[in-house]
Amino acid sequence: MAKLIHFDSFAHLATFEKKMSNLQESTHNTKIPKHIAIIMDGNGRWAQQYGKERSFGHENGVQSVREALEGCIEKGVKFLTLYAFSTENWDRPKDEISSLMELLVSSIDTEIPTMIKHNIKLVTLGDLSTLKPEVEDRIRQAIEHTSHCDGLNLVVALSYSGRWDITRAVKNISAQIALNKLQPSDITESTISNYLSTAGIPDPELLIRTSGELRISNFLLWQMAYTELYFTPVLWPDFKKEHLFAAIEEFARRERRFGKTGEQLTNN
Ligand code: IPE
Ligand code: IPE
Ligand code: MG
């Protein structure tokens, strides 16, 4: 009996040591997500705290975008996707939409030299055709100006929603089938991924949502099948690099099982 206890405790010790070494490895930042997606939420409530208009919150959110970018570069994250404006956000008051769009283009314009300096490539997800032509033009120009950069990929989801993305993919797949260029039996999960606007971008490993809301709000629905979710009460304009690092550390501590058992992971 004593022998058995002895044997068991050694087995536990080995598992424990393995877990500790995984933890140490992770806290030494070896487990850095390749792709982080952020739902930047809480600008309106932040402005309200100061008795100001919602647009004041959006303006102050720009600094948090810089913080997130810097933090991702420091940690070697390859893709940062920011949810900037959802399909549903078109239902907001007209004034707020215009001030958001103005802020978006003016920030992108001012940040182009910094993006180039830091080797940041801008790409967008979403239905740009819903934007005013001058807004669309300026965004396309920024995309063009940073197209040679090969450091961090900044993916801005703009006039985007997960359902819009999936609907568009289904339409395009159906069109290919109608032209007899694709057979229904050939459709795989990769086919669908390749028809989404995120084709070529790895699925996000970590999603951060600020402001304490616990929902996905029609973001990357297909792509987040196995994403680790991290919710923080911090309002977006208060979000600093250390908040990003805290999220990355929490990510590193998570055990991502992908349907397997914990034992399978420990033994491999
Ligand atoms: C996020 O902040 C910015 C956008 C959705 C564009 P909100 O504007 O949603 O701020 P809250 O959630 O009302 O505080
Ligand atoms: C989600 O925030 C969209 C963006 C951050 C762009 P919302 O503030 O629009 O989300 P809901 O409506 O509260 O879910
Ligand atoms: Mg909100």
- Task: Determine, for Glu228 against Arg256, whether the closest basic-nitrogen to carboxylate-oxygen distance falls under 4.0 angstrom.
- Result: yes
- Ser197 (side chain) donor-acceptor with Gly126 (main chain) under 3.5 angstrom: no
- Is there a chain of hydrophobic side chains (I, L, V, M, F, W, Y, each step under 4.5 Å between heavy atoms) that links Phe219 to Leu196? yes
- Message: What I want to check is whether the side chains of Arg138 and Gln141 have a donor and an acceptor closer together than 3.5 Å.
- Response: no
- Please step through side chain to side chain contact (heavy atoms under 4.5 Å, CB included) for the pair Met40 and Phe239, ending with a clear verdict. CA-CA 9 Å; Met40 312 179 287; Phe239 191 85; over 6 Å; no
- Message: Does either side chain, that of Ser211 or that of Trp236, offer a donor lying less than 3.5 Å from an acceptor on the other one?
- Response: no
- Query: Going from OG1 on Thr232 to CD on Glu250, what distance comes out if it is rounded to the nearest 0.5 angstrom?
  - Reply: 11.0 Å
- Item | Minimal non-hydrogen separation, Glu88 against Asn218, with atom names | OE2-ND2, 2.9 Å
- Query: If you count the non-hydrogen atoms of other residues, nucleotides and ligands that lie under 6.0 Å from CD in Glu67, is the total more than 12?
  - Reply: yes
- Message: Could you check whether Asn89 and Ser86, counting side-chain N and O atoms only, form a donor-acceptor pair closer than 3.5 Å?
- Response: yes
- Check the angle between the aromatic planes of Tyr50 and Phe56 and answer parallel, tilted or perpendicular using the 30° and 60° thresholds. perpendicular
- State whether the side chain of Tyr83 and the backbone N or O of Tyr160 hold a donor-acceptor pair below 3.5 Å, judged by distance alone. yes
- Message: Within this structure, what is the OG-NZ distance for the pair Ser64 and Lys240, rounded to the nearest 0.5 Å?
- Response: 5.0 Å
- Message: For Asp127, give me all partners under side chain to side chain contact (heavy atoms under 4.5 Å, CB included), at least two apart in sequence or on another chain.
- Response: Ser129, Thr130, Ser159, Trp164
- Please report the shortest heavy-atom distance between Phe79 and Ile201, naming the atom on each side. CD2-CG2, 3.8 Å
- Is there a chain of hydrophobic side chains (I, L, V, M, F, W, Y, each step under 4.5 Å between heavy atoms) that links Ile108 to Leu125? no
- Task: Indicate if Leu103 and Met115 have the same hydrophobic cluster label, given that clusters are the connected sets of ILVMFWY residues with side-chain heavy-atom separations under 4.5 angstrom.
- Result: no
- Test Tyr230 against His243 for side chain to side chain contact (heavy atoms under 4.5 Å, CB included), laying out the working first. CA-CA 11 Å; Tyr230 180 88; His243 297 117; over 6 Å; no
- Message: So, using side chain to side chain donor-acceptor pair (under 3.5 Å) as the criterion, who are the partners of His35 when residues are at least two apart?
- Response: Thr81
- Message: I'd like to know whether Phe85 forms a side chain to side chain contact (heavy atoms under 4.5 Å, CB included) with Val156, so could you lay out the CA-CA distance, the side-chain angles of the two residues, the decisive distance to 0.1 Å, and finally the verdict.
- Response: CA-CA 9 Å; Phe85 194 87; Val156 178; over 6 Å; no
- Message: Does Glu242 have more than 12 heavy atoms from other residues, nucleotides or ligands lying within 6.0 Å of its CD?
- Response: yes
Atom pairs and distances, donor-acceptor, side-chain atoms in residues 116-124, under 3.5 Å, two or more places apart:
from: Asn119; atom 1: OD1; to: Asp150; atom 2: N; distance (Å): 2.9
from: Asn119; atom 1: ND2; to: Asp150; atom 2: OD1; distance (Å): 2.9

- Verify the distance criterion only: is there a donor paired with an acceptor across the side chains of Thr188 and Thr191 at less than 3.5 Å? yes
- Query: Counting only heavy atoms not in Arg66, do more than 12 sit closer than 6.0 Å to its CZ atom?
  - Reply: yes
- Note on the structure: Sorted by chain and residue number, the side chain to side chain contact (heavy atoms under 4.5 Å, CB included) partners of Ile177 (sequence neighbours excluded) come out as Ile173, Leu182, Pro184, Ile187
- Message: Closer than 4.0 angstrom, basic N to acidic O: yes or no for Glu213 and Arg45?
- Response: yes
- Message: For the backbone of Ser161 and the side chain of Asp165, can you confirm whether one donor and one acceptor N or O come within less than 3.5 Å of each other?
- Response: no
- Message: Suppose we screen for salt bridge (charged side-chain N to carboxylate O under 4.0 Å, His left out). Which residues come up paired with Lys241, at least two apart in sequence or across chains?
- Response: Glu70, Glu74
- Item | For Ile208 against Ile36, the heavy-atom pair lying closest together | CD1-CG2, 3.9 Å
- Taking all atoms of both residues into account, what is the closest heavy-atom pair of Ala84 and Leu104, and its distance? CB-CD1, 4.3 Å
- Between Lys132 and Glu136, does a salt bridge (Lys or Arg N to Asp or Glu O under 4.0 Å) hold up when you go through it step by step? CA-CA 6 Å; Lys132 280 190 180 162; Glu136 191 186 344; over 6 Å; no
- Message: Between Tyr195 (side chain only) and Ile166 (backbone N and O only), is there a donor and an acceptor less than 3.5 Å apart?
- Response: no
- When every non-hydrogen atom of Asn194 is compared with those of Ala199, the smallest separation belongs to O-CB, 3.3 Å
- Message: Checking Leu80 against Leu69 for the side chain to side chain contact (heavy atoms under 4.5 Å, CB included) test, could you report, in this order, the C-alpha distance in whole Å, the side-chain angles of both residues, the deciding distance, and whether it holds?
- Response: CA-CA 8 Å; Leu80 172 66; Leu69 281 167; 4.0 Å; yes
- Which heavy atom of Lys34 sits nearest a heavy atom of Val77, and at what distance? O-CG1, 3.5 Å
- Message: Under 4.0 Å between a side-chain nitrogen and a carboxylate oxygen: does that hold for Arg257 and Glu255?
- Response: yes
- Item | Hydrophobic cluster membership, Ile39 vs Trp222, 4.5 Å side-chain cutoff | yes
- Task: Return the set of residues passing side chain to side chain donor-acceptor pair (under 3.5 Å) with Ser217 (not counting sequence neighbours), or none when no residue passes.
- Result: Arg209
- Task: Kindly state whether the ring of Phe258 and the ring of Tyr226 have centres lying under 6.0 angstrom apart.
- Result: yes
- Item | pair Leu207-Ile216: side-chain heavy atoms closer than 4.5 Å | yes
- Item | Stacked cation flag Lys31 on Phe251, 6.0 angstrom / 45 deg | no
- Task: Test side chain to side chain donor-acceptor pair (under 3.5 Å) on Asp238 and Trp46 and set out the steps.
- Result: CA-CA 8 Å; Asp238 288 329; Trp46 187 88; 2.9 Å; yes
